[in-house]
Amino acid sequence: MTPASSIKSSQAPDPEYDLQHPLECVGYDFGLSRRAFVKGLGAGLCIAVSLPVLAQERESGQRSRNTFLGTGAQNLAARIHLGTDGSITVMAGKVEAGQGARAELLQAAAEELRVPVSRVRMMLADTDMVPDDGMTAGSGTTPRTVPAVRRGAATARNLLIAFACGQWTLEHAAVEVRDGRVVHRGSNRSLDYADLARSVGTAKLFQQAIPADIELTPIKEWKVLGTSVSRPEAHDLVTGAHKYPSDIARPGMLYGKILRRPAYDAKLLSIDLAPARAIPEVIVIRDDQDDQFVGVAASTSFRAERALAAISDTAKWGTTPQSSGPRPSGSKPSSKDLFDYLRRNAEGGPPSNPFANGPSVAKTLRRTYNVPYIQHAPLEPRAALAEWKDGRLTVWTGSQNPFGVRGELARAFHLPEDQVRVVIPDFGAAFGGKHTGECAVEAARLARGAGKPVSLRWTREEEFTWAYFRPAGVIEAEASLDAQGKIATWYFININSGPNAVDTPYSIGKTDCRFIPSTPPLRHGSYRGLAATANNFAREVFMDELAATADSDPLAFRHAHLANPRLRAVLDAATSHFRWQERANRKDPNTSVGLACGTEKGSYVAACAEIEIDRQQKKLKVRNICEAFECGAIVNPGNLLSQVQGATIMGLGAALQEEIRFENGRILNASFGEYRVPRLEDVPELDIHLINRPDLPSAGAGETPIIAIAPAIANAVFRATGASVQALPIRI
Amino acid sequence: METRAETKTDARITFTLNGESRSVITDPDRPLLDVLREDLHLTGTKYGCGEGECRACTVLLNGESTPSCLTPVGSVNGQPVLTIEGLAHGDKLHPVQEVFLAEGAFQCGYCTAGMILGVASVRQKNPAADEAEYRAELQKHICRCGGYPKYLSVIRRLAEGAQTEKARI
Ligand code: FES
Ligand code: FES
């Protein structure tokens, strides 16, 4: 175990962890011999190559902050464009995938510019046009990009004031900006942003850097921020007019398909391409440098599918030999023996509990929790349209990482980055599942081979198989209780799924909380809340078991260990709205309640769940969830509510249904028929309470509301059955 | 209007699309979804699974909510098909679209067109439909963003509206 690969409890969880840990890009390289760049992961079923740069970074423990955080706007012109016609365009490198970034950023700009939101056009995620604001990940838009946009807008407003005062030779105090105009109170003269745009010196002024310390509108004076501004793209969503990445078309465009390996470790030995070439309007694409790549492009996707089917039947497959790199111990696992495998391959082996032989304690408890691979399954599978023109490549795609995808494309095709343009239309969701650009790279390969623009839309099965997964994990927990029933020592090890929220938020004397990487058999990556889903599940379930061991009520037991006032506040809000005591005392053998809380990425959540159990049928139904959530000053209450509702429902899927099954390098449930995601009838009564803290800076909210759901339900099961839940999805 | 060149397996298929007669010459086995999106450039109908599970591809075929991914274009010959693009009358949104808009019932919106058409089909068949009838339709649709609470508000509003309407009569 290297120092970089474990996070000690004394260290704060690293918000940029998303980048260094689980992102395994496919390391395409079409300029040099592929082999020269291939670094075998030696990771069982894992995709054969990993991005060399990333692999090296992981080895040396370095991290590339730039990709995650971006460089931001180099000057004011990169952030805001004022048209002489009065138009205002604000540019940001974030993407809209349903989480409401577009509306929030619009509010940020309108607030500081002092204009109605309808006056501002928000341009997002076109690498030729917008500043690099980093990835749209880690709940970063609210705490980082909203302030960045506000600083730009406030700078522009100050320039408008300075411009007007210069024209009128007045003091700044004599004017005010409202409704997009600077007005002199005494004379009622006014000037607006179009006047500023027309003024000779403005272009030069916009070349200046945005001052980091520019004064922003205090939260208590917010007029636009803090309100439920509706989504600017709403009309196009209900008329079907909005163009998602899979809807974009270019003149002369073809539809692409890629030959997929029948199993992760399969190797193409031979294939007869003649049957596809015989079909009219079909182009077959091979790559001299990569004998494993076969693609087709055709005038319709139906024709492309037919062509692919015609040649897939002729393909002969072998198995890739184990490549170099760390050799996993034991044979490749299936989902059935996954957890043993992860434990066996934990780097340096699972460490032992340093408190095990400490002074004698009243009671100890040890548990192991297993969390499976699951899929993000965004409703729009990966899609990309690639077009080459005069050596320059443009790709429209759905990704959370526009500049990262540009970098991937540039590396793959040995182009300077300015020869690649990545455009991200608002797309059909991601949940941490679209950080990479594999579909973009594939579309670009097809387009280069076909000599025409090619649209590649992954099928649901491809998305389930070739996208990455939320990491599976094993969590070892051991704690001791003192004579007063308080936790004396706490040992908590997450193997494989990640360090997010691995530290306990409870006040405990001695703790050892760590993440230990393993050798993942599947390609894994980010997820909504990432490992906080696994860590908070295990911790909160373990807390209930400890409470029972201490003969204490779960709520009282948490209170006894909870100093953090923000976490306490959400716990108290959720339990009082839920009427926890009353419902917990009810004696109905088929009904039960559970609670859980947690914190991650600067926001706080607590949930209570009421479930109904059918012991005979071994079925459980969640009847009610009451969740309290706090993320500082609320930027857009309506959108926040949607995010909390959405995360709660996604959490229900992970708690009760979702699990990737695999065997022999194949995913066994790569369809919505076999991988059930929540539907309307699965949705319980939801009672959500958003706690506004205008005295605190705003934190992001797309992820954390998910982390209390599974443990609250599991704790309700434990309360009803007395049998502890030690795995997700929950089975009774 | 006609599209595409004729080949051996191609056939001429004529149907009423959003109130207008359209002809395509194409392989009748192609999914209606593909023909709408690729030949007729109506991309409001979405692909989500191709297996009838998600209903992002919903169209109204003879007024029935139908997954266009599983519907061979040859089978719609002579029948009326309505897609999301045909629901509004010019600038005037369909009442169901109005309610979705008013409730802000979408996150990524990728499922929304299918949901709207599903709800519209229930309402067209029974203007006095109650919540249970709407729920039965929405149960077929997946919203992976978990936007169901908003969709519930939509159908409750429609069902209540129908009740008030009934009470008035
Ligand atoms: S795409 Fe037709 S049901 Fe999913
Ligand atoms: S809004 Fe994204 S799938 Fe429903």
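Just so it is clear: chains get the letters A, B, ... in the order the sequence lines come, proteins before strands, and each one is counted from 1.
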(request) Look at B:Glu53 together with A:Arg679 and state whether they make a salt bridge at an N to O cut-off of under 4.0 Å. (result) yes

(message) Out of A:Ala647, A:Gly428, A:Ser301, return the one with the most heavy atom pairs under 4.5 angstrom to chain B.
(response) A:Ser301

(request) Look at A:Arg460, A:Glu233, A:His242 and state which one has the largest set of heavy-atom pairs under 4.5 Å with chain B. (result) A:Arg460

(message) Between B:Ala56 and chain A, with a heavy-atom cut-off of 4.5 Å, which part of the residue counts as in contact: side chain, backbone, both or neither?
(response) side chain

(message) If the contact rule is any heavy atom under 4.5 Å from chain A, which residues of residues 61-70 of chain B qualify, in numerical order?
(response) none

(message) Distance alone, cut at 3.5 Å: any donor-acceptor contact between the side chains of B:Lys46 and A:Ser246?
(response) no

(message) Less than 4.5 Å to any heavy atom of chain A: does that hold for the side chain of B:Glu38, its backbone, both, or neither?
(response) both

(request) With a 4.5 angstrom heavy-atom cut-off, could you sort out which part of A:Leu680 is near chain B: side chain, backbone, both or neither? (result) both

(message) Within the structure provided, determine whether B:Asp34 and A:Tyr255 are in side-chain contact (heavy-atom separation under 4.5 Å).
(response) no

(request) Answer with side chain, backbone, both or neither: which region of A:Ala97 has an atom nearer than 4.5 Å to a non-hydrogen atom of chain B? (result) backbone

(request) Could you check B:Arg30 against A:Thr300 for side chain to side chain contact (heavy atoms under 4.5 Å, CB included), going step by step and ending with a plain yes or no? (result) CA-CA 10 Å; B:Arg30 284 176 74 201; A:Thr300 69; 3.6 Å; yes

(request) Hey, could you give me the OG1/CD1 distance between B:Thr43 and A:Ile248, rounded to the nearest 0.5 Å? (result) 8.5 Å

(message) Taking 4.5 Å as the heavy-atom cut-off, does anything in residues 140-153 of chain B contact chain A, and if so which residues?
(response) B:Lys140, B:His141, B:Ile142, B:Arg144, B:Cys145, B:Gly146, B:Tyr148, B:Pro149, B:Lys150, B:Leu152

(message) If you apply the rule side chain to side chain contact (heavy atoms under 4.5 Å, CB included), what do you find for A:Asp682 with B:Gln139, and how did you get there?
(response) CA-CA 9 Å; A:Asp682 300 318; B:Gln139 175 64 10; 5.6 Å; no

(request) Count the heavy atoms belonging to other residues, nucleotides or ligands that lie under 6.0 Å from CD of A:Glu674, then report whether that count exceeds 12. (result) yes

(message) Looking only at heavy atoms and a cut-off of under 4.5 Å, which of B:Ala113, B:Gly109, B:Gly48, B:Gly86 has the most pairs with chain A?
(response) B:Gly48

(message) Within the structure provided, determine whether A:Arg457 and B:Tyr47 are in side-chain contact (heavy-atom separation under 4.5 Å).
(response) no

(message) Within the structure provided, determine whether A:Phe302 and B:Thr26 are in side-chain contact (heavy-atom separation under 4.5 Å).
(response) no

(request) Could you grab the distance from atom SG of B:Cys108 to atom CZ of A:Phe431, nearest 0.5 Å is fine? (result) 6.5 Å

(request) Let me know if A:Ser230 has heavy atoms under 4.5 Å from chain B in its side chain, its backbone, both or neither. (result) neither

(message) I need the minimum non-hydrogen distance between B:Gln107 and A:Gly646, along with the two atoms involved.
(response) NE2-CA, 4.1 Å

(request) Output the distance between atom CD1 (B:Ile116) and atom CG (A:Leu237), rounded to the nearest 0.5 Å. (result) 8.5 Å

(request) Identify whether the distance between the nearest side-chain nitrogen and carboxylate oxygen of B:Arg135 and A:Glu681 falls below 4.0 Å. (result) yes

(message) I need the contact set between residues 374-382 of chain A and chain B: heavy-atom distance under 4.5 Å, sorted by residue number.
(response) A:Gln375, A:His376, A:Ala377, A:Pro378, A:Leu379, A:Glu380, A:Pro381

(request) Can you establish whether the number of heavy atoms outside A:Glu462 located under 6.0 Å from its atom CD is more than 12? (result) yes

(request) Enumerate by number any residue of residues 92-103 of chain B whose heavy atoms lie under 4.5 Å from heavy atoms of chain A; in the absence of such residues, state 'none'. (result) B:Leu93, B:Gln97, B:Phe100, B:Leu101

(request) Select one option (side chain, backbone, both, neither) describing which atoms of A:Asp247 are under 4.5 Å from chain B's heavy atoms. (result) both

(request) Taking B:Tyr110 for its side chain and A:Ala429 for its backbone only, find out whether a donor-acceptor pair lies under 3.5 Å. (result) no

(message) Quick test of your reading of the model: are A:Arg303 and B:Asp27 salt-bridged, counting only N-O distances below 4.0 Å?
(response) no

